[in-house]
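Comments concern the structure below.
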Amino acid sequence: MTGTETRQPLPLFYKKVVALHREQHRGLYMQPLAGYGFSKETNSIYIAAVEFPKAANEYPIVFGTDASGAVFPVILLGLGPKQNLFVDEQGAWQADYIPAYVRRYPFILAAPDNDAGDFTVCIDEGYGGFNTAKEGQALFDEAGEQSEILRQAVDFLKDYQGQVQLTGQFCQQLAELGLLESMQANIEMNSGEKYALGGFQCVNRERLKALPEDKLAALIKSDQMELIFAHLHSLANVNVLLAKLG
């Protein structure tokens, strides 16, 4: 298979990201792989703000910072490196809610080179379910148009990208209001095994309560306060991770 490879650093899970092309990939089929084994060695995953209410019931939601200083939210899946406590040895996801970042794989949108460009639909050619042996469902029909499975994937990607942009605005607001603080916890299990939980940020409750009334009102009116409360509520789920460690 051929295609135009993206030049950005590869995102989590993806091995060979190429632009999807109706001619070059016309004979490509997709056989969904059983389970989520591809995420087994991931201890945190990006999550969009719209996912907070459901995710907060099962995962700790915290915030990280990228190389440019931009803040982004993630859910914690484990306490150690390469440790996803929510995927078993068979690749089954052991929680009711599966993050959208995981569900979109092996499709992804590549950012345009400039503000005027459109996002490009891409696939991970390293995904084991792609084949030309006509196993599974075709990505394009005989006329070269998107098949139903591809249309659904593209619609999901477009909606997800919109949510990512809204999430960025929410995180920028948290940073501008000075609500975030670094979190650090040293955990020692009964077995003697030790974990250091750090490198993330969370909302400081005292800073939140100290905001001027107009700032608090704006957070409530924009529904961002609900996201903050979901985040704070979710931090108790660190105990869920500890329970999974035994």
Side-chain angles (χ1 to χ4, degrees), residues 1 3-22 24-25 28-59 61-64 66 70 72-78 84 86-87 91-112 117-131 136-140 146-171 227:
M1 288 176 281
T4 304
E5 295 191 24
T6 59
R7 296 182 180 180
Q8 294 85 4
L10 288 176
L12 196 63
F13 308 149
Y14 296 80
K15 301 179 182 124
K16 187 180 180 183
V17 178
V18 301
L20 187 62
H21 194 280
R22 72 174 64 233
Q24 294 171 341
H25 295 112
L28 192 64
Y29 282 67
M30 178 177 173
Q31 177 70 52
L33 299 180
Y36 299 91
F38 59 84
S39 67
K40 182 63 178 174
E41 296 185 349
T42 303
N43 68 353
S44 64
I45 290 179
Y46 174 89
I47 187 171
V50 71
E51 301 178 85
F52 277 31
K54 290 184 178 179
N57 293 323
E58 300 181 276
Y59 314 96
I61 301 172
V62 296
F63 297 89
D66 65 18
F72 60 92
V74 297
I75 56 172
L76 297 181
L77 303 174
N84 185 345
F86 290 89
V87 174
W93 197 279
Q94 301 295 303
D96 290 332
Y97 184 73
I98 302 174
Y101 188 102
V102 175
R103 289 183 280 121
R104 72 173 178 171
Y105 185 77
F107 299 95
I108 193 171
L109 290 181
D118 294 326
F119 284 85
T120 301
V121 177
C122 300
I123 60 172
D124 181 7
E125 282 193 334
Y127 177 70
F130 286 137
N131 68 88
Q137 296 177 271
L139 296 187
F140 296 96
Q146 294 180 356
S147 66
E148 182 62 25
I149 188 175
L150 182 54
R151 281 195 297 271
Q152 291 177 357
V154 172
D155 288 345
F156 184 88
L157 290 176
K158 290 180 178 178
D159 179 70
Y160 182 73
Q161 187 59 39
Q163 296 299 335
V164 167
Q165 293 173 346
L166 292 175
T167 303
Q169 296 170 11
F170 166 62
C171 291
L227 300 177

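Scanning for side chain to side chain contact (heavy atoms under 4.5 Å, CB included) contacts around V50 gives A48, Q163, with sequence neighbours left out. The side chain to side chain contact (heavy atoms under 4.5 Å, CB included) check on Q137 picks up I149, with sequence neighbours excluded. Considering only residues two or more places apart in sequence or on other chains, F13 meets the ring pair (Phe, Tyr, Trp, His ring centres under 6.0 Å) condition with F38, Y101. Under the side chain to side chain contact (heavy atoms under 4.5 Å, CB included) criterion, D96 pairs with E58, sequence neighbours left out. Contacts of A153 classified as side chain to side chain contact (heavy atoms under 4.5 Å, CB included), with partners at least two apart in sequence or in another chain: F107.
For the pair W93 and V102, the minimum side-chain heavy-atom distance is below 4.5 Å. Put simply, the side chain of K158 does not reach to within 4.5 Å of the side chain of F119, judged on heavy atoms. The side-chain heavy atoms of I123 and E125, taken from C-beta on, include a pair separated by under 4.5 Å. Side-chain atoms of P73 and T167, non-hydrogen and from C-beta on, do get closer than 4.5 Å to each other.
Checked against the 6.0 Å centroid threshold, Y105 and Y36 do not count as a close aromatic pair.
In this structure, Y127 and F130 have perpendicular ring planes: the angle between them is above 60°, well past the 30° mark.
Using a distance-only test at 3.5 Å, with no hydrogens or angles considered, a donor-acceptor pair links the side chain of Q31 to the main chain of G136. Here the side chain of N131 pairs a donor or acceptor atom with the backbone of G129 at under 3.5 angstrom.
Side-chain atoms of Q165 and Q169 form no donor-acceptor pair, as typed in the model, at a separation below 3.5 Å.
Contacts classified as side chain to side chain donor-acceptor pair (under 3.5 Å) and involving residues 39-51 (residues at least two apart or in different chains) are given here: E51-Y97.
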